[in-house]
Amino acid sequence: MWTSGRMSNAKSWLGLGVSLYFWGLMDLTTPVLSGTPTRPGRLEAFLSDKPQPHPRTKRSWVWNQFFVLEEYTGTDPLYVGKLHSDMDRGDGSIKYILSGEGAGVVFTIDDTTGDIHAIQRLDREERAQYTLRAQALDRRTGRPMEPESEFIIKIQDINDNEPKFLDGPYVATVPEMSPVGTSVIQVTATDADDPTYGNSARVVYSILQGQPYFSVDSKTEHYQMSVLESAPVSSTVGRVFAKDLDEGINAEMKYTIVDGDGADAFDINTDPNFQVGIITVKKPLSFERKKSYTLKVEGANPHLEMRFLNLGPFQDTTTVHINVEDVDEPPVFDPGSYFVEVPEDVAIGTTIQTISAKDPDVTNNSIRYSIDRSSDPGRFFYVDITTGALMTARPLDREEFSWHNITVLAMEMNNPSQVGSVPVTIKVLDVNDNAPEFPRFYEAFVCENAKAGQLIQTVSAVDQDDPRNGQHFYYSLAPEAANNPNFTVRDNQDNTARILTRRSGFRQQEQSVFYLPILISDGGQPVLSSTGTLTIQVCGCDDEGHVLSCSPEAYMLPVSLSRGALIAILACVFVLLVLVLLILSLRRHRKQPYILDDEENIHENIVRYDDEGGGEEDTEAFDIAAMWNPREAQAAGAPKTRQDMLPEIESLSRYVPQTCAVSSTVHSYVLAKLYEADMDLWAPPFDSLQTYMFEGDGSVAGSLSSLQSATSDSEQSFDFLTDWGPRFRKLAELYGASEGPAPLW
């Protein structure tokens, strides 16, 4: 529950005791107004030393008004009051937020304690009250702890304005020999102080010069009031009071407006408790239309005794001057709404309407126009920011959107917070931009025994356009079918057409389906047309025209063979065909030679990647496929050479040093190759392991191992290697005598 109050120190209590914790008075009176028993108020509970129980349901806000004196001249901020929430336990977890009129500029709040101070000098004559909003938040999470609510800070009047004669100097004339008591002139003095608070605005008249010829009635002092032009109907303007020395029923008063130019703009009601007349707003006011009003108010006793009528009259009148104060108002559109009709084929950028608004204030600020984009999400329209010219920004399509309801905004240039709006209804007018067409796919049939002129189908059309005089369609054969010998089209002149036969003797065996193109035209300007196709099947019918069959295959079957029998025969043929294909596939599979699967052939081909190497081309160092089928490898072309190394050596003598070339055995050859690899630092690595081992006892060549060879080439001849065939050509070239080029394998 929110509470508000003012109790900073003893001075504040004395100075503004009337505003002291008014929520306590509200708790005292609210139960009486709602019909519940009266309970002690919150003020009693606050001032008591012991806490009081509260069995009532919590209310979110309990508010009235803060009151603060004007014209404060102290150096410290003026204390106004205090906001407090029941959720506040005094640990600083609650943060108080102040917003609204004057928040942060005129009034500040301590966000921990809720204390409100005025930081500027307040002048009731400039502004009589401020409307603010309060919010309590959880300081840690920012979550609202109480619903936001509104309260008012009223500025209390002090007598800081002297009465003034606004219409002086006065000039009056009086006929000579006028009797004593003749009214010469009525003068009016006004006081800017509050007439409803104390006697600050009460004016007493007296004559300083001119006695004893003239006198002034001190009791006819006039009331001076002011009201904002934005004041709502039934809001209070001010109060008048007629003093009566009687008591009780004899002091009751009834107030009425008896004259004045403001009788139609203001009303007056009597407060029965305080016997004052309350002047209220009767209709909306406008500073620009009328800046001031004058009321003649009468106060009279409603209860009179006949025996005292001679002591009357029991009534009196006073004059009330009401000044209307200007308020910055938003721009006003004239007229208050717009209705625009525009054809759908209007060009982009065409001005369809000029929207006009003006500032009703005397300052007449400049206006800037815009479109509320929530009312025009498709952005079909644009308004010129200065002239208010409403234009099209996109192509319009009546068939897609036939109505647009947009809102045009007008903003004051000097005060962007003042924004007026006007609704604009736009009707998109139809233009003949859609050709008529068939509403669905038409499919008809004609009997083989049909006669010429027989009706086979009635067609209709639709058009998305909506001409003012209604649709009217025309039907005819398309130009390419104008001389159609089979069918014709008859327009029914009611937006439908009949399709008739032009001959008899249709046969399914000759032609089973006809496609008839039909031209459909509308009556718009310009005329639009489209071509629809009617599909006509030739069917066999009985004598009464009932369809028996529309399938030409049925008439090609033998008479004694039923359809079910034909299906059975076709099924048997299909099964036999599948069996034949299966047998042929099995026989072909058996004749195919066995082909080695590269993925299943696993040999001791070890590929090692233990350094950077030469990349992917290192795997080409050894082609094991040549050992599987040398002839196929030779037939495929010359062997691939590695791109990252020199070609194969042709003679060992080119690479082997003299110290190693003395031996011509295989063992020496292997050692020479090893030495060559060890000495060449730039040669790429060989990522394959090749092993030279004993051929075995079954080899016709015997052993090639150097372990059983002679110690020198002179002790052994290798000429026999040339007789071993192409596979030993390399060894024959190295160790034997070559008689010419060997044949390729």
Side-chain angles (χ1 to χ4, degrees), residues 18-19 22 25-26 29 33 63-67 70 101 124-132 150-157 161 188 190-203 220-244 251-302 315-329 360:
V18 69
S19 64
F22 201 84
L25 298 180
M26 289 185 66
T29 57
L33 295 177
W63 288 112
N64 193 13
Q65 299 173 345
F66 290 103
F67 294 85
E70 65 172 337
E101 300 174 346
R124 191 206 65 83
E125 286 70 42
E126 292 182 1
R127 188 158 191 167
Q129 66 181 33
Y130 294 83
T131 301
L132 297 101
E150 191 174 82
F151 66 96
I152 296 175
I153 297 179
K154 284 196 170 184
I155 312 303
Q156 283 188 326
D157 184 52
N161 292 278
T188 302
T190 61
D191 195 312
D193 293 323
D194 188 0
T196 64
Y197 182 76
N199 295 321
S200 300
R202 188 178 296 272
V203 179
T220 57
E221 25 92 356
H222 297 167
Y223 286 90
Q224 186 71 27
M225 301 179 183
S226 61
V227 60
L228 297 177
E229 63 174 332
S230 60
V233 174
S234 300
S235 60
T236 300
V237 178
R239 294 172 173 82
V240 295
F241 174 69
K243 187 176 181 181
D244 193 327
E252 290 184 4
M253 199 69 59
K254 180 176 178 59
Y255 296 91
T256 56
I257 298 176
V258 295
D259 199 2
D261 59 359
D264 59 341
F266 299 94
D267 201 355
I268 190 168
N269 300 302
T270 303
D271 184 347
N273 296 321
F274 300 97
Q275 300 301 321
V276 297
I278 303 175
I279 300 175
T280 59
V281 178
K282 188 176 182 180
K283 70 176 185 180
L285 306 174
S286 174
F287 174 82
E288 291 72 29
R289 290 197 304 264
K290 191 171 178 60
K291 298 179 176 59
S292 63
Y293 295 87
T294 300
L295 301 177
K296 187 175 183 180
V297 179
E298 178 186 83
N301 293 131
Q315 61 185 23
D316 195 8
T317 59
T318 187
T319 302
V320 179
H321 292 281
I322 301 177
N323 293 324
V324 180
E325 297 182 0
D326 187 24
V327 173
D328 193 3
E329 299 173 282

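Here the side chains of M253 and V276 are not in contact, with every heavy-atom distance at 4.5 Å or above. Two residues are said to be in side-chain contact when any heavy atoms from C-beta on lie closer than 4.5 Å; R289 and E229 fail this criterion. Looking at heavy atoms from C-beta onward, L295 lies out of side-chain contact with I268 at the 4.5 angstrom threshold. Taking the side chain as every heavy atom from C-beta outward, D244 and Q275 never approach each other to under 4.5 Å.
Between D157 and E125, the shortest heavy-atom distance links the atoms OD1-OE2, 3.1 Å. Residue R124 comes nearest to I155 through the heavy atom pair CG-O, 3.4 Å, listed as atom of the first residue, atom of the second, then distance. The nearest pair of heavy atoms linking L285 to A265 is CD2-CB, 4.2 Å. The heavy-atom pair separating S230 from V327 by the smallest distance is OG-CG2, 3.7 Å. Residues V324 and S286 come closest through the heavy atom pair CG1-C, 4.3 Å. Listed here is the closest heavy atom pair of A300 and Q315: CB-CB, 3.6 Å.
Looking only at distances, a side-chain donor or acceptor of E101 sits under 3.5 Å from a matching main-chain atom of T131. Here the side chain of Y255 pairs a donor or acceptor atom with the backbone of A242 at under 3.5 angstrom.
Ion pairing of D261 with K290 is present here, as a side-chain N (NZ or NE/NH1/NH2) and a carboxylate O approach within less than 4.0 Å.
Interatomic distance, T236 OG1 to I278 CD1, rounded to the nearest 0.5 Å: 6.0 Å. Rounding to the nearest 0.5 angstrom, the gap separating the NE2 atom in H321 from the OH atom in Y293 is 15.0 Å. Atom CZ of F287 is separated from atom CG of N323 by 9.5 Å, given to the nearest 0.5 angstrom. Between the OG1 atom in T256 and the CG atom in D267 there is a gap of 10.5 Å [rounded to 0.5 Å]. For the atom pair OG1 (T280) and CG (N269), the distance works out to 5.0 Å, reported to the nearest 0.5 Å.
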Test side chain to side chain contact (heavy atoms under 4.5 Å, CB included) applied to D316 and E298, step by step = CA-CA 6 Å; D316 195 8; E298 178 186 83; over 6 Å; no

